[in-house]
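Read the numbers this way: they start at 1 and go in the same order the structure lists the ligands and their atoms.
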Amino acid sequence: MEQNQKPIGIFDSGVGGLTVASEIMRQLPCESIVYFGDTARVPYGSKSRETVTRFAFEGLNFLLAHDVKMVVVACNTVSATCLGQLQQSSPVPVIGVIEPGAKAAVGVTQNKIVGVIGTERTVKSGAYVKAIKKINPEIKILSKACPLFVPLVEEGWLDNEAAFYTAQTYLLPLKNEGIDTLVLACTHYPLLAATLQAVMGEKVRLVDSAFETAVEVGRILERIGLKRSVENRPVYRYFVSDNPAKFIEVGERFLQRPIDPIDVIDPEVPYKFKI
Ligand code: DGL
């Protein structure tokens, strides 16, 4: 297969990376996609650096075995933990979500007080703080880990009372500090956007990195001459490591298109299908 005809690989710990997939589908409608969500081992965000790195290499190897032309690490936790290592060992470009998200936040904030919410590992890594400060050192950043958001999203509880009260508990301290921008530094959080906006109020702008990441993917494909041409119809394939029914239920609700075909794989043994 010609290099530019090959699919883009997208990797996440679960269903949340579909936020990035959806934006790539919208901005780059000719590109085929192979998506892998490691639903058997989600969440990554509460795990150690070593474990996340091991899972990340397994995900990367799985996608490379599918002959992808580029890998997008949709997962913030992985991007914050070991993006550089993945980039160094991959024969194809590997794009993360943190720099695009940081860039978007810097472009949006007016009062220069930015909130960043993510998993425990992402917040602990300080990756967003570094990326934002690198662009504008004057910005004040308040970070908060919100570990209960991921199970809420995986369960499909996006806008019920449990989601609202959890969001209120996590976010009111940030709201009281006067942030005008809230970076959703986790794949899963954009699915809770309506609830988060209701808690923060209309004046606070929510930023997710999906849009900027898709722009960056398009820019890099263009630069290296691997953009797929207009006359091609894209092919989308989905792989998960567990519970495809749940992934389809939550994912289709969000993606607004069928998740088909979907296969269940064992990420520790790339290409070994569970069923
Ligand atoms: N994909 C992860 C992230 O963006 C969230 C889910 C998890 O903890 O694995 O940080």
Please tabulate, one line per pair, the protein nitrogen or oxygen atoms found under 3.5 angstrom from a nitrogen or oxygen of ligand 1, with distances to 0.1 Å, or say none if there are no such pairs.
residue, atom, partner, partner atom, Å
ligand 1, 1 (N), D12, OD1, 2.7
ligand 1, 1 (N), S13, OG, 3.0
ligand 1, 1 (N), T187, OG1, 2.8
ligand 1, 4 (O), N76, N, 2.9
ligand 1, 4 (O), N76, ND2, 3.4
ligand 1, 4 (O), T187, N, 2.9
ligand 1, 4 (O), T187, OG1, 3.1
ligand 1, 8 (O), Y44, N, 3.2
ligand 1, 8 (O), G45, N, 2.8
ligand 1, 9 (O), S13, OG, 2.6
ligand 1, 9 (O), Y44, N, 2.6
ligand 1, 10 (O), T77, N, 3.0
ligand 1, 10 (O), T77, OG1, 2.6

In plain terms, say whether E138 and K133 are close enough for a salt bridge, that is, a side-chain N and a carboxylate O under 4.0 Å apart.
no
Do E31 and R228 meet the salt-bridge criterion of a basic N to acidic O distance under 4.0 Å?
no
Inter- and intrachain pairs under ring-ring contact (aromatic ring centres under 6.0 Å, His included), touching residues 181-220, at least two apart:
F149-Y189
Less than 6.0 angstrom from the centroid, inside 45 degrees of the normal: does R237 satisfy that with respect to the ring of Y35?
no
According to ring pair (Phe, Tyr, Trp, His ring centres under 6.0 Å), who are the partners of F36, at least two apart in sequence or on a separate chain?
F11, F62
I'd like a table of donor-acceptor pairs (distance under 3.5 Å, sequence neighbours excluded) in which one partner is a side-chain atom from residues 214-221, with atom names and distances.
residue, atom, partner, partner atom, Å
E216, OE1, R219, NH1, 2.7

